There are 2 protein chains.
Amino acid sequence: MSAALTVKSEFSRETQFVRQAPPVWLVREQAAPRRAELAHHLPPMSFAQDSGIFAEGDAARYFYKVVGGVVRSCRFSQDGRRHIDAFYKVGEMFGFELGAVHELSAEAVTDCVVIPLRRQGVELAGAQDETSAMQLYTYAMQSLTRARAHSQLLGRCSAVQKLASFLLELSADKQGQAIELPMTRQDIGDYLGLTIETVSRTLSQLEKDGAITLQAARRISIKSRAALADLKG
Amino acid sequence: MSAALTVKSEFSRETQFVRQAPPVWLVREQAAPRRAELAHHLPPMSFAQDSGIFAEGDAARYFYKVVGGVVRSCRFSQDGRRHIDAFYKVGEMFGFELGAVHELSAEAVTDCVVIPLRRQGVELAGAQDETSAMQLYTYAMQSLTRARAHSQLLGRCSAVQKLASFLLELSADKQGQAIELPMTRQDIGDYLGLTIETVSRTLSQLEKDGAITLQAARRISIKSRAALADLKG
DNA sequence: CGGATTGTTGATTACTTTCAACAATGGTGG
DNA sequence: CCACCATTGTTGAAAGTAATCAACAATCCG
């Protein structure tokens with residue numbers, strides 16, 4: 001496993017993709033951040049693949065914004081099974097809490113870089129900075145919208161529908177091209193409430209049906225977005 | 001179906017329970033609301049059982065606080081199946097949205113009374129009323145916490161685990177006594193991602209196992225909270 | 001008293017998990 | 001550079017769970 005990276009260092013896995021376009025989930029945000037969007041932030045922090053950013057029960061002193069790589073937030077049930085609540089890509093915020101401690105862990109799916117934002121700086125900023133308060137509320141509501149959609153997916157859908165939705169979500173931005181999956185089959189399974197075997201089988205099925213092509217385990221190309229949308233239900 | 005009720009009228013179903021203690025979900029909030037908690041509210045509105053409070057796509061001009069009865073928020077998938085996102089009991093808030101329209105419908109599970117709060121009055125209150133802004137954020141975060149727990153339940157749990165969790169949640173306040181279920185088996189199924197048959201069978205199973213007693217279809221008494229907690233996983 | 005709605009139970013089917021074997025990939029050290 | 005080993009992913013067969021189809025019971029209402 002690679003050591004923790006400094007902000008300016010290259011990502012250890014990036015060299016593997018040198019002949020291809022770099023995978024989207026490693027591309028840093030392009031636009032310069034608008035000033036006064038969310039102030040009080042600390043310098044970016046880097047995390048090696050599979051390292052923990054914070055753990056369930058840790059003091060929730062910061063929110064985080066992803067500026068490079070992919071993060072997962074997860075939780076373990078009493079019997080030890082992992083549930084992945086969400087994946088966060090570049091530009092997304094995570095780490096929102098109601099109380100003083102984190103209810104979920106956050107881990108680096110790939111090597112990644114995040115910007116911590118002091119919680120007290122933004123949470124109570126209403127009086128001094130109305131824009132920040134609204135920003136924060138907006139991010140929290142986005143999380144809520146996603147959580148609702150995820151619930152519906154988990155509650156009402158078959159394995160095929162779950163995978164179809166997942167692939168469409170992953171490939172929402174990159175029209176037509178292949179997707180580089182940053183996460184393992186285990187990650188996907190824990191996110192969709194399926195076993196790795198079912199994830200694998202279902203992907204194979206989608207390939208047989210002509211909806212996708214499995215160019216490699218971690219590289220999938222969408223052949224028919226329409227077919228996936230149909231399967232999604 | 002009973003007509004919409006005025007604020008001061010009795011609930012149509014309440015007479016059925018005249019010889020028993022009134023079911024918790026029909027008891028109005030006791031304490032006088034703290035002043036300046038969330039101002040800008042309108043007079044309470046009453047809704048008859050199964051009537052719609054707002055629908056998917058409606059302009060989201062208000063948040064709502066439940067002061068009597070039980071509300072469900074739900075959504076339909078393309079194939080027409082209903083997913084219930086949450087049940088809201090007395091004292092709880094619902095109707096939070098990111099955008100200008102509701103993404104979910106809200107319906108009266110029982111006859112109920114809700115207080116609408118002007119969205120613009122609270123959402124942008126940061127400058128003039130910092131407490132309200134925090135209150136709003138707190139409610140939104142509570143919704144988020146619940147949505148996360150619901151996702152985990154739907155993703156990782158068997159029918160028995162889902163029902164055990166559901167019953168424990170429902171009976172969280174009333175220690176030892178019987179629970180009056182305000183919702184149908186269909187509601188429960190749509191909330192837990194199960195069919196009505198499975199809900200019914202699983203409840204019967206829990207009774208055989210000695211964890212609960214089915215005094216009537218809508219009246220369940222918890223015999224062993226510990227047993228349910230074990231099953232919950 | 002019907003008729004409609006809601007809930008229960010049984011038999012069968014379909015889907016996902018589990019258990020198991022094996023293939024592919026990546027990293028390490030000789 | 002290649003052999004080796006650990007990790008990750010795929011596929012098959014059997015078992016288990018929930019859905020579906022179907023019949024019937026209980027309750028509510030007019």
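On a predicted model such as this, the values are computed, not experimentally measured, just so you know. Each chain gets a letter, A, B and so on, in the order the sequences are listed, and its residues count up from 1.
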Side chain of [X] - closest among [options]:
X: Ser158(A); options: dT8(C), dA18(D), dT16(C); answer: dT16(C)
X: Ser204(A); options: dT16(C), dA19(D), dT11(D); answer: dT11(D)
X: Ala159(B); options: dG9(D), dA18(D), dA22(D); answer: dA18(D)

[N] [atom2] sits how many Å from [X] [atom1], rounded?
X: Arg218(B); N: dT5(C); atom1: CZ; atom2: C1'; result: 11 Å
X: Glu197(A); N: dA13(D); atom1: CD; atom2: P; result: 15 Å
X: Gln49(A); N: dG27(C); atom1: CD; atom2: C1'; result: 13 Å
X: Gln186(B); N: dT5(C); atom1: CD; atom2: P; result: 14 Å
X: Arg185(A); N: dT17(C); atom1: CZ; atom2: P; result: 15 Å
X: Asp187(B); N: dT6(C); atom1: CG; atom2: P; result: 10 Å
X: Asp50(B); N: dC29(D); atom1: CG; atom2: P; result: 12 Å
X: Met183(A); N: dT8(D); atom1: CE; atom2: P; result: 15 Å

Legend entry - Donor/acceptor link under 3.5 angstrom from Arg201(B) side chain onto base of dT20(D): yes

Considering every strand and a 4.0 Å limit on heavy-atom distances, what is the contact class for [X]: base, sugar-phosphate, or nothing?
X: Thr195(B); answer: base
X: Leu194(A); answer: sugar-phosphate
X: Gly193(B); answer: sugar-phosphate

Inset, instruction - Starting from the 5' end of DNA chain C, give me the residue, Ala217(A) or Val199(A), whose nearest nucleotide shows up first. - result: Val199(A)

Inset, instruction - Map Val160(A) and Lys208(B) onto DNA chain C by nearest heavy atom, then report which one ends up closer to the 5' terminus. - result: Lys208(B)

Salt bridge [X]-[Y], side-chain N to carboxylate O under 4.0 Å:
X: Arg72(B); Y: Asp190(B); result: no
X: Arg75(B); Y: Asp85(B); result: no
X: Arg146(A); Y: Glu92(A); result: yes

Inset, instruction - Select from Leu203(A) and Cys157(B) the residue whose nearest nucleotide in DNA chain D is closer to the 5' end of that strand. - result: Leu203(A)

Legend entry - Phosphate OP1/OP2 of dT8(C) contacted by Ser200(B) side-chain N/O (<4.0 Å): yes

Inset, instruction - Considering just the side-chain nitrogens and oxygens of Thr184(A), establish if one lies under 4.0 Å of OP1 or OP2 belonging to dT8(D). - result: no

Legend entry - Distance flag, aromatic centroids of Phe94(B) and Phe63(B), threshold under 6.0 Å: no

Legend entry - Under 3.5 Å side-chain donor-acceptor pair for Arg225(A) and Ser171(A): yes

